[in-house]
Amino acid sequence: MWLEILFVGIIILFIVTYRFSTGSGVYKFVTEQANKVYDKYAPYSYKEMRKKIKELGMDYTPRQYITQVVLFAGFAGAVGYLYFYSLIVAVVYAIIAIASIPYITYLRSKRQYSEYIFEQIQVYVTNTIMEFATTQAFIKSLEGVVESGILEDPVLSDVKTMIALSYEKGDVNDSIVYMNAKYPFFMVKNMHQLFLQVTKEGAKDTQETFDNMLIDIDALVEGVYRDRMDRSNFHKQFIMFGLALYGIIILIQLLVGVDTYISMLDIIFVKIAVHALVIINTLFLLKGERYYNENVGAE
């Protein structure tokens, strides 16, 4: 009882303090501490990915992050209280929900970055083929794509590396191996293989082959964007279904009665079973969120 009163007092104190301030001091302190931990422990590749997401304007604004925190904490707190009728459990669940936000942000950033890279690769392949129609030389085509200014980092830097490797080694082998390893897309490997044949074997009349490749790329890109829309619609339905599953305990309370349900919570096995129900449902949601953001279905 006293612990619950203490928790409520802390929450009220925080709300009053935040209310009578602009809120910027609290937000600044939290973000500064989070950034210190992030800079210390986050892998370099993830830092670069997050930097690019921010440059593209795809990251959440501070207002959106605060809204996300409030929604997560509010929903988790409501679940904790309606499941256990305990303010302590409600607060603990709210804290755990807030702690999961960085992981969800990480998953979302990976998806956004993967989609961005796919778009850049599609631009790289398409424009390299079109440049070849004029230059009839692979390296000159790459230089034309770089000079056109249509590519952005990191793909732009990697294409420049390809050009440097080609001039250094005297052939395109190492540059193609480098790019294939960096971006293992089928359209990249197929285009490079065709250019390798043209360079090594001096193949003639390749325009029709390149035209067919462009048609295949257009069909692939169309399929990818259609898949993204379908996955986005399914994701919304999945989230709604996952959240609705938390209502199972409400149905149980309606069947047995709230007073009977509360008395059942005094039995340790019942309490463990209810916690397990919350954990299983939460893992189900997180697994679905991970699948949606990691398996983007680019090719």
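Numbering starts at 1 and runs along the sequence shown.
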Please say whether more than 12 non-hydrogen atoms of neighbouring residues, nucleotides or ligands are located less than 6.0 Å from [atom1] in [X].
| X | atom1 | result |
| --- | --- | --- |
| Tyr167 | OH | yes |
| Phe210 | CZ | yes |
| Tyr225 | OH | yes |

Taking C-beta and beyond as the side chain, do [X] and [Y] meet within less than 4.5 Å on heavy atoms?
| X | Y | result |
| --- | --- | --- |
| Ser100 | Phe72 | yes |
| Ile139 | Leu142 | yes |
| Lys54 | Lys51 | no |
| Leu194 | Ile129 | no |
| Gln112 | Lys52 | no |
| Ile248 | Leu245 | yes |
| Met179 | Tyr124 | yes |
| Ile117 | Phe185 | yes |

Looking at every heavy atom in both [X] and [Y], which two are closest together, and how far apart are they?
| X | Y | result |
| --- | --- | --- |
| Leu285 | Gly242 | CD2-CA, 3.7 Å |
| Ala76 | Ala97 | CB-CB, 3.4 Å |
| Ser109 | Ile53 | O-CD1, 3.9 Å |
| Gly77 | Ala90 | O-CB, 3.3 Å |
| Leu220 | Met187 | CD2-SD, 4.1 Å |
| Leu156 | Leu151 | CD2-O, 3.8 Å |

Say whether, by atom type as modelled, one donor and one acceptor occur between the side chain of [X] and the main chain of [Y] under 3.5 angstrom.
| X | Y | value |
| --- | --- | --- |
| Arg231 | Tyr292 | yes |
| Glu289 | Leu107 | no |
| Ser232 | Met229 | no |
| Asp153 | Ser157 | yes |
| Ser263 | Thr260 | yes |

**Message:** With a 6.0 Å cut-off on the ring centroids, do Phe238 and Phe284 count as close?
**Reply:**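 Ring centroids of Phe238 and Phe284 are less than 6.0 Å from each other.
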Give a yes or no on whether a salt bridge exists between [X] and [Y], defined as a side-chain N under 4.0 angstrom from a carboxylate O.
| X | Y | answer |
| --- | --- | --- |
| Lys287 | Glu294 | no |
| Lys140 | Glu143 | yes |
| Glu222 | Arg226 | yes |
| Asp59 | Arg50 | yes |

Separation between [atom1] of [X] and [atom2] of [Y], rounded to the nearest 0.5 Å:
| X | Y | atom1 | atom2 | answer |
| --- | --- | --- | --- | --- |
| Leu196 | Asn180 | CG | CG | 9.5 Å |
| Ile217 | Gln122 | CD1 | CD | 7.0 Å |
| Glu48 | Glu55 | CD | CD | 9.0 Å |
| Leu286 | Asn281 | CG | CG | 10.0 Å |
| Ile250 | Tyr83 | CD1 | OH | 7.0 Å |
| Leu165 | Asp171 | CG | CG | 10.0 Å |

Are a donor atom and an acceptor atom from the side chains of [X] and [Y] found within less than 3.5 Å of each other?
| X | Y | result |
| --- | --- | --- |
| His275 | Tyr93 | yes |
| Ser166 | Ser175 | yes |
| Tyr246 | Thr282 | yes |

**Stepwise side chain to side chain contact (heavy atoms under 4.5 Å, CB included) test for Val258 and Ile262** = CA-CA 6 Å; Val258 176; Ile262 293 175; 3.8 Å; yes
**Message:** Using side chain to side chain contact (heavy atoms under 4.5 Å, CB included), reason through Glu147 and Glu131 one step at a time and then give a plain yes or no.
**Reply:** CA-CA 11 Å; Glu147 293 170 0; Glu131 285 284 341; over 6 Å; no
May I ask whether [X] and [Y] are part of the same hydrophobic cluster, defined by side-chain heavy atoms of I, L, V, M, F, W, Y residues being less than 4.5 angstrom apart, directly or through others?
| X | Y | answer |
| --- | --- | --- |
| Ile150 | Val146 | yes |
| Ile267 | Val256 | yes |
| Leu82 | Leu265 | yes |
| Ile252 | Ile280 | no |
| Val270 | Ile279 | no |

**Message:** Just to verify, what does Lys182 make a side chain to side chain contact (heavy atoms under 4.5 Å, CB included) with, not counting sequence neighbours?
**Reply:** Asp158, Tyr178
**Message:** With side chain to side chain contact (heavy atoms under 4.5 Å, CB included) as the criterion, how do Gln193 and Lys189 come out once you've worked through the C-alpha distance, each side chain's angles and the decisive distance to 0.1 Å?
**Reply:** CA-CA 6 Å; Gln193 182 61 35; Lys189 293 181 178 180; over 6 Å; no
**Asked** In terms of the angle between their ring planes, are Tyr116 and Tyr113 parallel, tilted or perpendicular, with boundaries placed at 30° and 60°?
**Response** tilted
**Request:** For Tyr261, enumerate each residue passing the side-chain hydrogen bond (donor to acceptor under 3.5 Å, both in side chains) test, keeping only those at least two apart in sequence or located in another chain.
**Result:**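 So Tyr261 forms no side-chain hydrogen bond (donor to acceptor under 3.5 Å, both in side chains) with any residue.
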**Prompt:** Of all residues at least two apart in sequence or in a different chain, which pass the side-chain hydrogen bond (donor to acceptor under 3.5 Å, both in side chains) check with Asn127?
**Reply:**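 For Asn127, no residue satisfies side-chain hydrogen bond (donor to acceptor under 3.5 Å, both in side chains) once neighbours in sequence are set aside.
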**Pair Met191-Phe132, side chain to side chain contact (heavy atoms under 4.5 Å, CB included): steps then yes or no** = CA-CA 11 Å; Met191 182 192 72; Phe132 186 78; over 6 Å; no
